[in-house]
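As structure tokens, the structure follows; a few thoughts come after it.
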Amino acid sequence: ELIDRVPSAFQRWTHQRWQVVSAILAGDLRDAERLAGETWTYGEQIGQPDAARFFGLYLANIRGHQGRLHELIPQIEQALVESPGLPAFRAVLANAFASSGDLRRAGALLEADRVGGLTMREDMQWTSAHAAWTNAAVLVGDTAMAEVLHARLQPHHDQVVTTFATVPCAVAHYLGMLDHLL
């Protein structure tokens, strides 16, 4: 109702973005994908510089829930090149390789990240990166990485993984996956 009363393109775009997240949370991935496309189109129309980035995040989240993240490997690799300061893309790439069955490439990324100390800021991408690393570690069977991830995630066991654009699962879900592997 407020969106209709206040003529703000940015607020309308923000509202549309929350509708995408709501559809993901409801498990309606078909509707989430449709809404993500509409949000991208509207964002482009109003000159939102982050419109394509948000669409990419939504699509990666949706494909992850569908078990189809590997379809986006070229786009994830490009995002990593374009945004080297966002290490979460490395974790997502490891997850995409693992979900594609390319366990060698996934394992190499996991090993490099583990040896490197999983260095990243504790911001919105922290839990998402750890969720992606967890998926990859479980698929690869990397128990060394699983131990590190479990220790890092345990203090956050009662939280939900989100960047406010993506909502994979609860931290407890990933801890359960790690427990099973270990």
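The basis for the numbers below is simple: all heavy atoms, side chains too, and nothing from hydrogens, waters or symmetry mates.
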Hey, does L153 have a side-chain heavy atom less than 4.5 Å from the side chain of L178?
yes
With L149 as reference, evaluate R114, H130, M177 under the side-chain contact (heavy atoms from CB on, under 4.5 Å) test and give the passing residue.
H130
When clusters are formed by joining ILVMFWY residues with side-chain heavy atoms under 4.5 Å apart, either directly or through shared neighbours, do F55 and L72 land in the same one?
yes
Are any side-chain N or O atoms of S100 and backbone N or O atoms of F97, one a donor and one an acceptor, separated by less than 3.5 Å?
yes
Donor-acceptor check, side chain of S83 to backbone of L80, threshold 3.5 angstrom: yes or no?
no
Rounded to the nearest 0.5 Å, what's the gap from OG1 on T14 to CZ on F54? Could you check?
8.0 Å
Closest non-hydrogen atoms of A137 and L181, given as atom of the first, atom of the second and distance, are O-CD2, 3.7 Å
dist I46:CD1 -> T41:OG1 (nearest 0.5 Å) comes out at 11.5 Å
Is there a path from F89 to L110 through hydrophobic residues (I, L, V, M, F, W, Y) whose side chains come within less than 4.5 Å of each other?
no
Are Q66 and E33 packed together at the side-chain level, in the sense that at least one heavy-atom pair is separated by less than 4.5 angstrom?
yes
Determine, step by step, whether M145 and V140 satisfy the side-chain contact (heavy atoms from CB on, under 4.5 Å) criterion, reporting the C-alpha distance in whole Å, the side-chain angles of both residues, the deciding distance to 0.1 Å, and the verdict.
CA-CA 10 Å; M145 181 64 133; V140 169; over 6 Å; no
Considering only heavy atoms from C-beta outward, does the side chain of I73 approach that of H70 to under 4.5 Å?
yes
Taking atom CG of L109 and atom CZ of R90, what is their separation to the nearest 0.5 Å?
5.0 Å
Looking at CD1 of I62 and CG of L69, how far apart are the two atoms once the value is rounded to the nearest 0.5 Å?
12.0 Å
What do the steps show when you test R53 against E82 for salt bridge (Lys or Arg N to Asp or Glu O under 4.0 Å), and what is the final call?
CA-CA 11 Å; R53 184 173 66 89; E82 292 173 1; over 6 Å; no
How far does CD of E147 sit from CG of D142, to the nearest 0.5 angstrom?
9.5 Å
What are the two closest heavy atoms between E71 and Q75, and how far apart are they?
O-OE1, 3.8 Å
Could you tell me whether the side chain of N61 reaches within less than 4.5 Å of the side chain of V20, counting heavy atoms only?
no
Any idea which heavy atoms bring A106 and A98 closest together, and the distance?
CB-N, 3.5 Å
Taking the side chain as C-beta and beyond, is there a heavy-atom pair between Q16 and L35 under 4.5 Å?
no
Under 3.5 Å: donor-acceptor pair, side chain of W13, backbone of Q48:
no
Report yes or no: do L118 and L175 belong to one cluster of Ile/Leu/Val/Met/Phe/Trp/Tyr joined by side chain heavy-atom distances under 4.5 Å?
yes
Shortest non-hydrogen pair, Y58 vs V21, comes out as CE2-CG2, 4.2 Å
D102 (side chain) donor-acceptor with R105 (main chain) under 3.5 angstrom
yes
Same apolar cluster: L59 and L93, side chain cutoff 4.5 Å:
yes
Closest non-hydrogen atom pair, R121 against W126
O-CD1, 3.5 Å
Considering all heavy atoms of both residues, which atom of I24 and which atom of L29 are nearest to each other, and what is their separation?
CA-CD2, 4.4 Å
Residues E122 and R152 bridged, charged N to O under 4.0 Å
no
Using 4.0 Å as the upper bound for N to carboxylate O, is an ion pair formed by R17 and E38?
no
Working to the nearest 0.5 Å, report the span between CG of D179 and NE2 of H150.
3.5 Å
For residues Q11 and H15, determine if any side-chain heavy atom of one lies less than 4.5 Å from a side-chain heavy atom of the other.
no
Is the closest side-chain donor-acceptor distance between W133 and N95 under 3.5 Å?
no
Does a side-chain heavy-atom distance below 4.5 Å link S99 with N135?
no
Test your reading of the model: is there a side-chain donor-acceptor pair from T143 to the backbone of A146, 3.5 Å cut-off?
no
State yes or no: do W18 and F10 share one hydrophobic cluster built from I, L, V, M, F, W and Y residues joined by side-chain heavy-atom distances below 4.5 Å, directly or via other members?
yes
